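Below you'll find the structure, written out as structure tokens, and then a few comments.
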Amino acid sequence: MNRLTEARTLAELGAVFREADLPGIEVRLPKALADAAVQAWERDDTDPVEGETTAERATRHRAGILALIGLCISEAGEGVGQDVVVTLPVEFIGAAFIAAEGS
């Protein structure tokens, strides 16, 4: 199997995972990062997306995932000392892992 076939197979696995009823994962986040995620959710995003580059599109998608994490925090996050505890969908956690690899 070549890399292209393997990458397609990974995408097929992702489609199966997306259809599965996977449980969320409880995470503990530093309050400053949780607050930044909530601010991303509350930001009024009216920037046009026409003519964006591939890199700009990837950045927009990452910002969108951060905003969705902020929504989860604003709806169900609980302060615990200097942290915030919230249950997040596994795909948000996976997206954050991928973003960390690319930074």
Side-chain angles (χ1 to χ4, degrees):
M1 200 182 315
N2 64 34
R3 289 183 181 159
L4 181 58
T5 302
E6 291 169 348
R8 288 180 180 149
T9 301
L10 179 62
E12 289 178 36
L13 279 172
V16 170
F17 294 157
R18 183 173 284 142
E19 295 299 318
D21 188 22
L22 299 174
I25 298 174
E26 184 176 277
V27 295
R28 186 181 202 102
L29 307 170
K31 185 164 179 9
L33 289 176
D35 289 346
V38 171
Q39 288 174 0
W41 169 249
E42 294 173 344
R43 181 174 56 84
D44 184 20
D45 189 3
T46 57
D47 295 338
V49 295
E50 298 173 19
E52 65 186 359
T53 66
T54 302
E56 290 168 335
R57 181 173 186 251
T59 298
R60 181 172 53 84
H61 281 237
R62 286 179 176 179
I65 294 292
L66 178 63
L68 291 172
I69 291 171
L71 171 61
C72 293
I73 293 167
S74 67
E75 289 184 342
E78 295 183 30
V80 178
Q82 296 296 315
D83 297 328
V84 174
V85 175
V86 66
T87 299
L88 295 175
V90 294
E91 57 267 32
F92 294 174
I93 294 169
F97 276 131
I98 291 168
E101 288 177 1
S103 60

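Note that the structure is predicted; figures quoted are calculated from it, not measured. Residue numbers start at 1 and run along the sequence shown.
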>> Just verifying a value: how many Å separate I73 CD1 and K31 NZ, rounded to the nearest 0.5 Å?
In response: 10.0 Å

>> As an exercise, state the distance from CZ of R43 to CG of L66, rounded to the nearest 0.5 Å.
In response: 9.0 Å

State, to 0.1 Å, how close [X] and [Y] come at their nearest heavy-atom pair, and which atoms those are.
| X | Y | value |
| --- | --- | --- |
| N2 | L4 | OD1-N, 3.1 Å |
| V86 | A76 | CG2-C, 4.2 Å |
| A37 | I69 | CB-CG2, 4.2 Å |
| W41 | A67 | CB-O, 3.3 Å |

Any link between [X] and [Y] through a network of hydrophobic side chains (Ile, Leu, Val, Met, Phe, Trp, Tyr) touching at under 4.5 Å?
| X | Y | answer |
| --- | --- | --- |
| V16 | I93 | no |
| V80 | V38 | no |
| I98 | L68 | no |
| F97 | L33 | no |
| V27 | I65 | yes |

> Under a 4.5 Å cut-off applied to non-hydrogen side-chain atoms, are I25 and L88 in contact?
Replying inline: no

> Does R57 CZ have over 12 foreign heavy atoms under 6.0 Å away?
Replying inline: no

> Quick check: are there more than 12 heavy atoms from other residues, nucleotides or ligands sitting under 6.0 Å from CD of E6?
Replying inline: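 Yes, because the 6.0 Å sphere around CD of E6 holds more than 12 heavy atoms from other groups.
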
